[in-house]
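Everything on this sheet refers to the single structure shown next.
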Amino acid sequence: RRPRVGKTHAAAPSAPTAKTDPAIDTLCDTLREMEARGTRGTLTLPGGVRVPVGNLHKVFWPAPGLTKGDLVRFNLRMSAYLLPGVTDRPLVMKRFPNGIDGKSFYQHRAPDQLPDGVRVAMVRESPDRPTTGVPYLIGGTLQTLVYMAQLAVISQDPWFSRVPHIEQADIVALDLDPMPDTPFTRVLEVARWLHDELERLGTPCVPKTSGSSGLHIHIPLPPGTPYDAGLIFCQILATVVASRHPKAATVERMVKKRPPDVVYIDYLQNIYGKTLAAAYSARASTFAGVSTPLTWDEVHDGLKSGLAPQDFTMQSIFKRVRVVGDLWARLRTSTPADLRAAFRYVD
DNA sequence: GACGGAA
DNA sequence: TTCCGTCAACGCTGT
DNA sequence: ACAGCG
Ligand SMILES: [Mn+2]
Ligand SMILES: [Mn+2]
């Protein structure tokens, strides 16, 4: 049995259980009225900014029967948890105007006319090319969350760096992607191995469900870390674990060459311009999953307890968050480790 | 989904 | 007013 | 140059 690190948590939720805001409740009431009336309308956000919303009845997730209105409501109610993870970060939009089963498309360039308080910054698509870049939406305000829902953007997909230091990642992530025949217990197993290694290196790390079928492990970086350094750190970790457990994990890039029942440890997201769904973000998965922070105890005990990603949804998440608080806050409060520790693996 | 131009 | 067409990403890697 | 990848 793994020795327990730190206290057995039970005492106080790691943060604001009380991230409840009367202004948000009022907005949700207004939204309900618009839905009942079957009209489009305008939400007036704190600060007086007006954001038009419409097509609230349109079904975006057929299986649970959730609508575009449910997405707007989700972003409103989750905003206190969602915003810290997107603040100052360029956001890649993937739009689903006809729900998760309709045709979707990516969009980087922000529209010309935006509601007040929706931030935009010129960002280069590649760091070493002399372009002026394109106007990206920058996360951080409630207006942006509501506006993006109106554009039928389902998930919040932030960069790993923040303006204005856009070439320096402040976080890296290991993206655990199960192949079609991979049982989720195996994903948990691989996550556990990665956690054990990271703990040996003294590196803080926090797991979450992806909101689809996999897991993400995020690691805070020391200030000023270039993308390349974070990428190599993750490459080393992923490669060490994959070569130690070839029947369970791989870093093989080509889908055809991956066994159908292993976990692809995708470390290649840690590149300038790439993204991963933010913590507490809704996802375009059939079951309306939410990318949900977990404790390492939940990951380690997941087989016994029957942990399943499908249990963390737009409908279920609020109850959980009220109980466990903001598990993702640790990512911002813990001291990043020296990445050079990982280089002793190199052989 | 937003927008501009045609019907 | 309604209808309709058009537009909405990208860079890295391997072959 | 082009296909595969996320
Ligand atoms: Mn993934
Ligand atoms: Mn991936």
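Chain letters run A, B, ... following the sequence lines, proteins first and then strands; every chain starts at 1. Heavy atoms only: backbone and side chains are in, while hydrogens, waters and symmetry mates are out.
Using a 4.0 Å heavy-atom criterion, one finds that A:Arg258 contacts the sugar-phosphate atoms exclusively. In this structure, A:Arg129 reaches the sugar-phosphate backbone alone: every heavy-atom distance under 4.0 Å involves primed, P, OP1 or OP2 atoms, never a base. Within the 4.0 angstrom heavy-atom criterion, only backbone atoms of the sugar-phosphate kind lie near A:Val255; the bases stay farther away. Using a 4.0 Å heavy-atom cutoff across all strands shown, A:Lys68 reaches sugar-phosphate atoms only and no base atom.
Rounding to the nearest 0.5 Å places CG of A:Asp21 at 8.5 Å from CG of A:Leu27. Within the model, atoms CD1 of A:Ile265 and CG of A:Leu176 stand 6.0 Å from one another, a figure rounded to the nearest 0.5 Å. Atom CZ of A:Arg73 and atom OG1 of A:Thr67 lie 6.5 Å apart (nearest 0.5 Å).
For residues 263-274 of chain A, the side chain to side chain donor-acceptor pair (under 3.5 Å) pairs, not counting sequence neighbours, are A:Gln235-A:Tyr267. For the side chain to side chain donor-acceptor pair (under 3.5 Å) condition, the pairs that include at least one residue of residues 109-121 of chain A, sequence neighbours left out, are A:Asp88-A:Arg119.
Listed by chain and residue number, A:Arg340 satisfy the salt bridge (Lys or Arg N to Asp or Glu O under 4.0 Å) test with A:Asp338 (two or more places apart in sequence, or in another chain). A search for salt bridge (Lys or Arg N to Asp or Glu O under 4.0 Å) contacts involving A:Arg162 returns A:Asp170, not counting sequence neighbours. Every residue was checked against the side chain to side chain donor-acceptor pair (under 3.5 Å) condition with A:Arg129, not counting sequence neighbours, and none meets it. Under the side chain to side chain donor-acceptor pair (under 3.5 Å) criterion, A:Arg32 pairs with no residue, sequence neighbours left out. Checked against side chain to side chain donor-acceptor pair (under 3.5 Å), A:Lys94 has no partners two or more places apart in sequence or in another chain. For A:His218, there are no side chain to side chain donor-acceptor pair (under 3.5 Å) partners at least two apart in sequence or on another chain.
Near-neighbour residues of DNA chain B inside residues 47-59 of chain A, defined by a heavy atom below 4.0 Å, number-ordered: A:Asn55, A:Lys58. Near-neighbour residues of DNA chain B inside residues 140-178 of chain A, defined by a heavy atom below 4.0 Å, number-ordered: A:Gln150, A:Leu151, A:Ala152. For DNA chain D, no neighbouring residue in residues 91-122 of chain A is found when judged by any heavy atom under 4.0 Å.
Put simply, chain A comes within 4.0 Å of DNA chain B, heavy atom to any atom, from B:dG1 to B:dA2, going 5' to 3'.
Atom pair A:Tyr264:OH and D:dG4:C1' shows a separation of 11 Å (rounding to whole Å applied). Taking atom CD of residue A:Gln235 and atom P of nucleotide C:dC12, one finds them 15 Å apart after rounding to whole Å. Rounding to whole angstrom units, CD of residue A:Glu125 and P of C:dC10 are separated by 5 Å. Here the C1' atom of nucleotide D:dA3 and the CE atom of A:Met254 are 10 Å apart, to the nearest Å.
Across the P atoms, C:dA9 and B:dA2 are found 16 Å apart, a figure rounded to whole Å. A gap of 27 Å separates the C1' atoms of C:dG11 and B:dG1, to the nearest Å.
Under 4.0 Å is where a charged nitrogen must lie from a carboxylate oxygen, and between A:Arg192 and A:Glu189 no such pair does.
Both A:Val163 and A:Leu91 belong to a single network of hydrophobic side chains, linked directly or stepwise wherever heavy atoms of I, L, V, M, F, W or Y lie under 4.5 Å apart.
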